[in-house]
Amino acid sequence: AKAQGRAKYHVFNPAMHQEAIQLLELENDLRRAVERQEFLVYYQPIVSLITGKISGFEALVRWQHPTRGLVSPTEFIPVAEETGLINAINTWVLQSACHQLSIWQHQPVTPEPLTISVNLSARLFLQPNFVEQIDRIIYETKINPTYLELEITESVIMENTNAIKIIFQQLKQRSIKLVMDDFGTGYSSLSYLHSFPLNALKIDKSFVKRMQDNKENMGLVPAMIGIANSMGMSAIAEGVETEEQLAQLRSLNCNFAQGFLFSEPIEQQLVIKLLAVAPQW
Ligand code: C2E
Ligand code: CA
Ligand code: CA
Ligand code: CA
């Protein structure tokens, strides 16, 4: 009992107490941020390795904090997930991205229609009325949903296979595209992968990075591209930072690439400018 008492006491050491306070502050701040809509959507281009042109953009949320400036989603998404605030935030991102897509569709800025990809939290995706919400957004923004892509992480798909299959079918009926995000970081089983109507696998940047470190065999990236293509899906490489990586990915028949080599995520106002100056990669 004494040992237990000591172990318990350990939990409340001053450093951790400080951490708990900071977390509470973050939670309260985040709640206010949702009410005041302190969020922004940034857009990062996705480049077709066949045409060398920008084929679409991934929507990435930022928090415009009144005193801290731009806060990264890696900092607040986990807290938002824990508190359930993620649903309000992610719905807002989805709405904003569809609004942007609608503008592009009604006043085209490129010869080929642009796509928009939105990251979806498991919590939002698995809400009973998720497909209804999507329908409402499609109706309100008047988008052609063929060019809307939803990115869902591997772990979500593998943990909720039956629920996910039903939702995927409904989204597929609406011509919405489905992307498995962070491919390779979780534990997807290849036999399962086959039974989902996925359009693309997004190879996580950690694998693209290791391709460089491991020049002999390029790590797992060739295998991942092979899996995607043999199953009739596109492969999208994330975190492409060098010309060398780009050349390697191209030689491996990777379909799309995204990363700082092309552009960092940018604010919405800069998208048109980027499209105007973007070279053919
Ligand atoms: P993700 O979906 O894996 O997004 C890719 C992340 O890699 C983004 O970070 C992007 O800015 C960053 N990145 C892009 N190119 C490069 C590169 O060349 N090098 C490096 N080192 N990094 C690059 P970001 O914007 O900080 O987003 C982090 C994560 O937050 C995302 O990872 C995604 O899981 C989550 N997230 C972002 N926006 C949303 C959202 O609206 N909803 C949900 N549920 N999650 C979101
Ligand atoms: Ca993503
Ligand atoms: Ca992700
Ligand atoms: Ca990733």
Side-chain angles (χ1 to χ4, degrees), residues 30 33-34 37-47 54 56-64 69-100 115-127 130 133 137 148-157 177-186 188 198-213 221 224 234-246 249 256-268 274 281:
L30 206 51
V34 170
Q37 305 217 313
E38 292 172 358
F39 300 96
L40 288 174
V41 180
Y42 270 44
Y43 294 93
Q44 187 178 36
I46 298 170
V47 172
I54 293 172
F57 289 84
E58 178 176 2
L60 293 156
V61 69
R62 302 286 179 263
W63 176 10
Q64 178 109 71
L70 275 195
V71 183
S72 155
T74 52
E75 197 176 326
F76 67 86
I77 295 274
V79 181
E81 292 273 4
E82 252 172 65
T83 52
L85 288 165
I86 188 67
N87 283 355
I89 298 170
N90 216 153
T91 301
W92 180 84
V93 174
L94 185 60
Q95 257 161 346
S96 305
C98 288
H99 177 71
Q100 185 58 60
T115 60
I116 221 158
S117 316
V118 181
N119 294 283
L120 280 195
S121 149
R123 274 181 91 135
L124 184 62
F125 194 76
L126 294 168
Q127 280 217 319
F130 176 69
Q133 282 196 54
I137 294 173
L148 175 62
E149 305 184 342
L150 301 180
E151 299 192 2
I152 298 130
T153 59
E154 184 176 35
S155 48
V156 173
I157 298 176
K177 302 297 178 292
L178 296 161
V179 179
M180 185 192 266
D181 205 0
D182 295 341
F183 181 57
T185 62
S188 42
L198 288 159
N199 300 89
L201 300 180
K202 191 176 267 196
I203 301 167
D204 189 64
K205 54 179 176 278
S206 57
F207 297 98
V208 174
K209 201 180 173 68
R210 263 176 264 161
M211 194 166 69
Q212 236 168 353
D213 306 340
V221 173
M224 294 168 121
S234 297
I236 309 165
E238 182 190 82
V240 178
E241 295 182 354
T242 68
E243 291 283 356
E244 195 185 354
Q245 289 169 335
L246 173 61
L249 289 163
F256 297 94
Q258 182 181 359
F260 296 163
L261 175 65
F262 311 108
S263 168
E264 288 184 18
I266 54 173
E267 11 178 1
Q268 174 262 319
L274 175 68
W281 280 289

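Read the numbers this way: they start at 1 and go in the same order the structure lists the ligands and their atoms. Model, not experiment: these values are computed from the prediction.
Taking every non-hydrogen atom of Thr74 and a distance limit under 4.0 Å, the qualifying atoms of ligand 1 come out as 28 (C). Within ligand 1, the atoms closer than 4.0 Å to a non-hydrogen atom of Pro265 are 11 (O), numbered from 1 in the order shown. Proximity to Val240 (heavy-atom distance under 4.0 Å) selects the following atoms of ligand 1: 18 (O). Taking a cut-off of under 4.0 Å to the non-hydrogen atoms of Pro73, the atoms of ligand 1 that pass are 24 (P), 25 (O), 26 (O), 27 (O), 28 (C), 30 (O), 37 (C). Residue Asp182 has at least one heavy-atom neighbour below 4.0 Å for each of these atoms of ligand 1: 3 (O). Each of the atoms 44 (N) of ligand 1 lies under 4.0 Å from some heavy atom of Ser121. The ligand atoms of ligand 1 that sit less than 4.0 angstrom from a heavy atom of Ile77 are 43 (C), 45 (N), 46 (C).
With respect to Lys202 and Glu149, no salt bridge is recorded, no charged nitrogen being found less than 4.0 Å from a carboxylate O.
Not a single heavy atom of Gln258 lies less than 4.0 angstrom from ligand 1. For the ligand labelled ligand 1, residue Lys209 lies outside the 4.0 Å heavy-atom shell. Ligand 1 has Glu58 within reach: a non-hydrogen atom of the residue lies less than 4.0 Å from it.
Atom-to-atom distance recorded for Phe262:CZ and Leu246:CG is 4.5 Å, nearest 0.5 angstrom.
Nearest to atom 33 (C) of ligand 1 by heavy atom, out of Val118, Asn119, Leu124, is Asn119. Among Lys202, Glu264, Glu241, the residue whose heavy atom lies nearest to atom 19 (N) of ligand 1 is Glu241.
Glu58 has its closest N, O or S atom to the Ca ion (ligand 2) at the position named OE2. Asp182 contributes OD1 as its N, O or S atom closest to the Ca ion (ligand 4).
Under 3.0 Å from the Ca ion (ligand 4) lies no N/O/S atom of Asp181, from backbone or side chain alike. Look at Ser117 and the Ca ion (ligand 2): no N/O/S atom of the residue is under 3.0 Å from the metal.
The proximity of Asn90 to ligand 1, defined as any non-hydrogen pair under 4.0 Å, is limited to the side chain. Using a 4.0 Å cut-off between heavy atoms, Ile89 makes no contact with ligand 1 at all. Only the side chain of Arg62 comes within 4.0 Å of ligand 1, counting heavy atoms alone; its backbone N, CA, C and O stay farther away.
Between Phe57 and Tyr43, the ring planes lie perpendicular to each other; the angle is over 60°, past the 30° to 60° tilted range.
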